[in-house]
Each structure stands twice: as C-alpha cells, then as structure tokens.
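Everything on this sheet refers to the single structure shown next.
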Amino acid sequence: MKKILVLISCLIAFRGESVQIFPVAASPEPNSLILQIVLPLTEDIVSQDPVRVQLRLRGYPLGIKSVLPRADEVLNFPEGQSIHVVVDGRPYFPKSNTPVDLFSQNDSYYETMYQFEIPYALAEGKHLLEVFPARSFGESLKGEGCYASQIFYVKNTKANPKLDGLDRPYLIYSEPGNYFRFQEGKPILLDFYIRNVTLESDGYKVHIFLDNEPMDFLKRWGPYYMLGVKKGEHTLRLQLVDKNHKPLEGEFCTVEGKFIVE
C-alpha cells in the first residue's frame, strides 16, 4: 500500500463525493505479443448459432496470475490472465480456457490457438468482434499487436446502423467490469480502449461520470485508480469529447458499466 500512498500524493482530484481518480503507470507488456482472429473470417457469413470464435495468440500465457505489484493492490481475478472479448460494443466477457493447439512453448516463445462460442445469440446481419489481452487484475494490454477486430455476418448481410462510423473515434469499456464486486477502501481499476483517436490535454479527452455525476476529463490513455467509492451498486460512464469538451456523436462514443462495492 506504500506505492498507493505515493500515487495519492500526485492524484488528479475530481469533483464528486470525495471520489478520487488518478493515473497509474501502465504494467510492463511483452514485446512479442501477437493476437489474431482466425474465425470468423473477414466479412464471413456465419450460419451456426452460437457463433464459434477461434483466436491465435503468441507471446502471452492465459489462465495464470500476473506476477506484478498491481495484483496485490486491486481486485485480482481467479481466472488469471485472459482475452477480453467484445461483441457489438457489449460488456466484455473474458476467455482464459485451455488452448486447442500448442505449437511451441519454452521460456521465451509460445503460440496457442483458442476456440470458444459467443455466450449469447446474435441477431441476423452485421456484427463486430473485438479482442485484446488483459492482466489477471483486468488491465488491458495496449501495445503493438494487442488488438484485433473482425466484421462478420450472421445468416445474411443485413446492415447494422450501430456499426456505422467504425473508422471514426470511439471507445471500448473495459474495467471495472459489469457487476464485479469490489472491496470498500481498496483502489478500483479504471481501464478502457480507444480506437482511431489519441488523448491530449488540448485535444480529445474522456469525460467521466460516476452515478450520473460529471467528474473531470482523462487526458491520457492508460490505467487509472478510483478511490473513495462508497458501498453499493454504481454506474460508470465514459464519454469521448473533443478539445472543446463537446461530446462526439456515434454509437460507441459513450459507454458504461456497472459494478458493486461491498
């Protein structure tokens, strides 16, 4: 907890009921990580339900605890390191199951194939699949090769207005995960993904709302800690804004999740 106290001394104080949100250093990332979507194929028309997904992952083991100081500071999930899977901007579901194939493994290199089904039915038409790795405490990896996406269709090529504008800036909500339970008094990890945009003090920012109360603006992409959140169920909303603090239009420019503090 000494590290946390040092960080608090340089926190960004946000408006709100003594809730404090401050940036923390990103955890070290492997320099050889490659994540690829094998199935569905690009623009593939899938007939089966549920939809089967296959990923190829190199340089990052799943299902183990992350051996990093942050694992002792925030909620550390028993499933271990995982892939966060996002479909059409919904809350992510983690995958850390046993690999289908193991091509090679030693201390410096491994490549594995993972196969699973999307755990809910999808409507006919166009869909977006996005994946990125995460530490066992939920922090997403953001380096080169860490993100993959695929457009695919279910049964036909019917349009999906929600997926218009994917070449423009948008957000992916990550942590705190939906309805996860956190301990009062411990930091809560706040983490997200951005696409087609960079965050700057004089440019795009992410506006934070906790339980519909506006707080301040995040000016860099990285992990944050939240301190002082009271017991109960909470809603965290992230909103992408321009340099004039005007909210951007688009289906995924405002995202939110729910979590519980006990």
Side-chain angles (χ1 to χ4, degrees), residues 7-8 10-27 74 84 86-92 128-132 134 138-144 146-147 149 151 160-180 182 187-230 233-259 261:
L7 289 169
I8 293 174
C10 61
L11 62 84
I12 299 174
F14 282 20
R15 295 188 299 273
E17 289 186 2
S18 71
V19 175
Q20 300 163 343
I21 302 179
F22 54 94
V24 293
S27 297
V74 296
H84 286 188
V86 179
V87 180
D88 299 340
R90 299 188 190 193
Y92 80 81
L128 171 66
L129 171 66
E130 298 176 286
V131 294
F132 48 89
E139 181 183 342
S140 61
L141 277 65
K142 305 171 178 66
E144 187 73 23
C146 289
Y147 168 88
S149 65
I151 291 291
N160 186 345
K162 287 180 60 176
L163 302 182
D164 292 342
L166 292 177
D167 57 340
R168 299 194 294 268
Y170 69 92
L171 288 166
I172 303 171
Y173 185 97
S174 184
E175 299 293 345
N178 263 19
Y179 292 102
F180 289 167
F182 299 89
I188 296 173
L189 182 73
L190 190 166
D191 195 59
F192 56 93
Y193 239 82
I194 54 175
R195 299 297 300 157
N196 309 317
V197 68
T198 57
L199 304 184
E200 299 174 311
S201 59
D202 59 349
Y204 292 100
K205 304 175 188 68
V206 174
H207 196 184
I208 301 295
F209 296 79
L210 182 63
D211 300 328
N212 293 320
E213 290 294 327
M215 302 179 80
D216 218 316
F217 299 87
L218 306 185
K219 302 173 184 178
R220 74 163 181 86
W221 184 31
Y224 291 78
Y225 277 0
M226 295 194 298
L227 276 177
V229 182
K230 303 302 182 184
E233 183 178 314
H234 300 277
T235 299
L236 183 70
R237 186 164 79 249
L238 313 181
Q239 186 176 70
L240 194 59
V241 300
D242 64 17
K243 64 180 181 180
N244 299 315
H245 295 174
K246 179 181 178 181
L248 271 62
E249 296 182 0
E251 183 71 26
F252 306 131
C253 290
T254 300
V255 295
E256 68 177 40
K258 297 181 183 294
F259 63 97
V261 175

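In this text, all values refer to a predicted model and were calculated from it rather than measured experimentally.
- Using the six-membered ring where Trp is involved, Phe217 and His245 have ring planes that are parallel, under 30° apart on the 30 and 60° scheme.
- Counted within 6.0 Å of NZ on Lys219, heavy atoms from surrounding residues, nucleotides or ligands total 12 or fewer; the atom is thus considered open.
- Counting only heavy atoms from C-beta outward, the side chains of Ile188 and Phe259 approach each other to under 4.5 Å.
- With no hydrogens or angles considered, no side-chain donor-acceptor pair links Thr235 and Asp211 at under 3.5 Å.
- Minimum interatomic distance between Ser174 and Gly138 (heavy atoms only, all atoms of both residues): OG-O, 4.1 Å.
- Side-chain atoms of Met226 and Pro176, non-hydrogen and from C-beta on, do get closer than 4.5 Å to each other.
- At a threshold of 4.5 Å between non-hydrogen side-chain atoms, the residues Val19 and Leu210 count as touching.
- For Glu200 (side chain) and Asp202 (main-chain N/O), no donor-acceptor pair under 3.5 Å exists by modelled atom type.
- In this structure a side-chain-to-backbone donor-acceptor pair under 3.5 Å is missing from Asn244 to Lys246.
- A donor-acceptor contact shorter than 3.5 Å links the side chain of Asp88 to the backbone of Leu128.
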**OP:** In sequence, state the C-alpha distance, the side-chain angles, and the governing distance for Glu256 and Tyr173, and then conclude on side-chain hydrogen bond (donor to acceptor under 3.5 Å, both in side chains).
**Re:** CA-CA 6 Å; Glu256 68 177 40; Tyr173 185 97; over 6 Å; no
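- Minimum heavy-atom separation, Val206 to Leu240: CG2-CD1, 4.1 Å.
- Between Ile194 and Leu171, some side-chain heavy-atom pair lies under the 4.5 Å cut-off.
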**OP:** Mind running side-chain contact (heavy atoms from CB on, under 4.5 Å) on Lys258 and Glu233 for me, showing each step along the way?
**Re:** CA-CA 7 Å; Lys258 297 181 183 294; Glu233 183 178 314; 3.9 Å; yes
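- Side-chain atoms of Glu130 and Ser149 form no donor-acceptor pair, as typed in the model, at a separation below 3.5 Å.
- Between Asn178 and Gly257, the shortest heavy-atom contact is OD1-CA, 3.0 Å.
- To the nearest 0.5 Å, the span separating CG on Leu238 from CG on Leu218 amounts to 7.5 Å.
- The distance from atom CG of Leu248 to atom OH of Tyr170, rounded to the nearest 0.5 Å, is 14.0 Å.
- You'll find the side chain of Leu190 reaches within 4.5 Å of the side chain of Leu236, heavy atoms only.
- Checking side-chain atoms of Asp191 against main-chain N and O of Glu175 turns up no donor-acceptor pair under 3.5 Å.
- Side-chain contact between Leu189 and Tyr225 is present, with heavy atoms from C-beta onward closer than 4.5 Å.
- To the nearest 0.5 Å, atom OG of residue Ser140 and atom CZ of residue Phe192 are 9.0 Å apart.
- Although no hydrogens or angles enter the test, the distance criterion places no donor-acceptor pair under 3.5 Å between the side chain of Trp221 and the main chain of Val197.
- Of all heavy-atom pairs spanning Pro223 and Glu139, the tightest one is CG-OE2, 3.6 Å.
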**OP:** Assess whether side-chain contact (heavy atoms from CB on, under 4.5 Å) is satisfied between Ile208 and Asp216, documenting all intermediate values.
**Re:** CA-CA 6 Å; Ile208 301 295; Asp216 218 316; over 6 Å; no
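- A salt bridge is defined here as a Lys NZ or Arg NE, NH1 or NH2 lying under 4.0 Å from an Asp or Glu carboxylate O, and Arg195 with Asp167 fails to meet this definition.
- Relative to the ring axis of Phe252, Arg168 does not place its NZ or CZ within 45° and under 6.0 Å from the centre.
- Of the possible donor and acceptor atoms, one in the side chain of His207 sits under 3.5 Å from a partner among the backbone N and O of Met215.
- Ring geometry for His84 versus Tyr92: interplanar angle under 30°, hence parallel rather than tilted (30 to 60°).
- Side-chain contact between Tyr193 and Lys142: present, with at least one pair of heavy atoms (C-beta onward) separated by less than 4.5 Å.
- Ring to ring, Phe22 and Tyr224 are not that close: their centroids are 6.0 angstrom or more apart.
- At least one side-chain heavy atom of Arg237 sits under 4.5 Å from a side-chain heavy atom of Thr254.
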